[in-house]
Enquirer: 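Below is the structure I would like to discuss, written out as structure tokens.
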Amino acid sequence: MTGLVRYVLFGVVLGSLFTAALPADYVGAILQSGVASMAVVVVVGVPINMCAGEEILLSAPLSGMGLTMGHALAFALASTGICMSSIPLLLNVLGRRATLVMVAIYLLVPFLIGLIVNALPAVGTLGPAPF
């Protein structure tokens, strides 16, 4: 557990910096529910490769600023699915075609799940818990 503390603190600090530095309207305006912004969230999530719940510590403040639940879920799935540094190893082990299929799945599945979640009418009422 003590080995994970620094990573969790890193996620808390990063989420706090986002909350302090970004105006709430800015996040909502850039990441409106749409296909293009969903693609950006997924593509940005893959190279970040978070673990130990850091994606939640980063997306929670952003969802309070207008990030939709679908975007937050797509980011969480994409950032924990595959890491960019493992792709060369996968190329050597699985081959080019299987690696491309695997990366495509890790990009496509979070993208589609995020779009589906944003399309659900009940999800619009969900948000951060009031304090």
Side-chain angles (χ1 to χ4, degrees):
M1 284 296 286
T2 58
L4 293 176
V5 170
R6 66 179 167 180
Y7 299 110
V8 171
L9 288 176
F10 175 72
V12 169
V13 168
L14 195 58
S16 299
L17 287 174
F18 279 156
T19 303
L22 295 173
D25 297 339
Y26 183 73
V27 174
I30 289 179
L31 296 175
Q32 296 175 356
S33 58
V35 175
S37 64
M38 186 67 70
V40 168
V41 167
V42 170
V43 170
V44 166
V46 169
I48 291 176
N49 190 30
M50 297 190 168
C51 62
E54 288 177 344
E55 73 281 354
I56 303 302
L57 297 171
L58 182 60
S59 60
L62 293 174
S63 63
M65 292 192 271
L67 185 72
T68 66
M69 288 297 133
H71 281 74
L73 182 60
F75 176 74
L77 291 172
S79 65
T80 58
I82 191 169
C83 127
M84 294 297 284
S85 61
S86 67
I87 292 177
L89 175 65
L90 292 171
L91 283 169
N92 288 333
V93 173
L94 300 177
R96 186 177 186 177
R97 184 174 179 179
T99 301
L100 288 175
V101 168
M102 186 175 181
V103 170
I105 288 171
Y106 277 111
L107 290 170
L108 187 62
V109 170
F111 176 78
L112 293 174
I113 289 174
L115 288 178
I116 290 168
V117 168
N118 279 346
L120 296 172
V123 177
T125 61
L126 297 177
F131 292 100

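Keep in mind that the numbers below use all heavy atoms, side chains included, and drop hydrogens, waters and symmetry copies.
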Enquirer: Pairs under 3.5 angstrom only: tabulate donor-acceptor contacts from the side chains of residues 98-110 to other protein residues two or more places apart or in another chain.
Expert:
| from | atom 1 | to | atom 2 | distance (Å) |
| --- | --- | --- | --- | --- |
| Thr99 | OG1 | Leu90 | O | 3.0 |
| Thr99 | OG1 | Leu91 | N | 3.4 |
| Thr99 | OG1 | Gly95 | O | 2.7 |

Enquirer: Report the distance from atom CG of Asn118 to atom CE of Met69, rounding to the nearest 0.5 Å.
Expert: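 The CG atom of Asn118 sits 9.5 Å away from the CE atom of Met69.
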Enquirer: Nearest 0.5 Å, please: how far is CZ in Phe75 from CE in Met38?
Expert: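 If we round to the nearest 0.5 Å, Met38:CE and Phe75:CZ are 13.0 Å apart.
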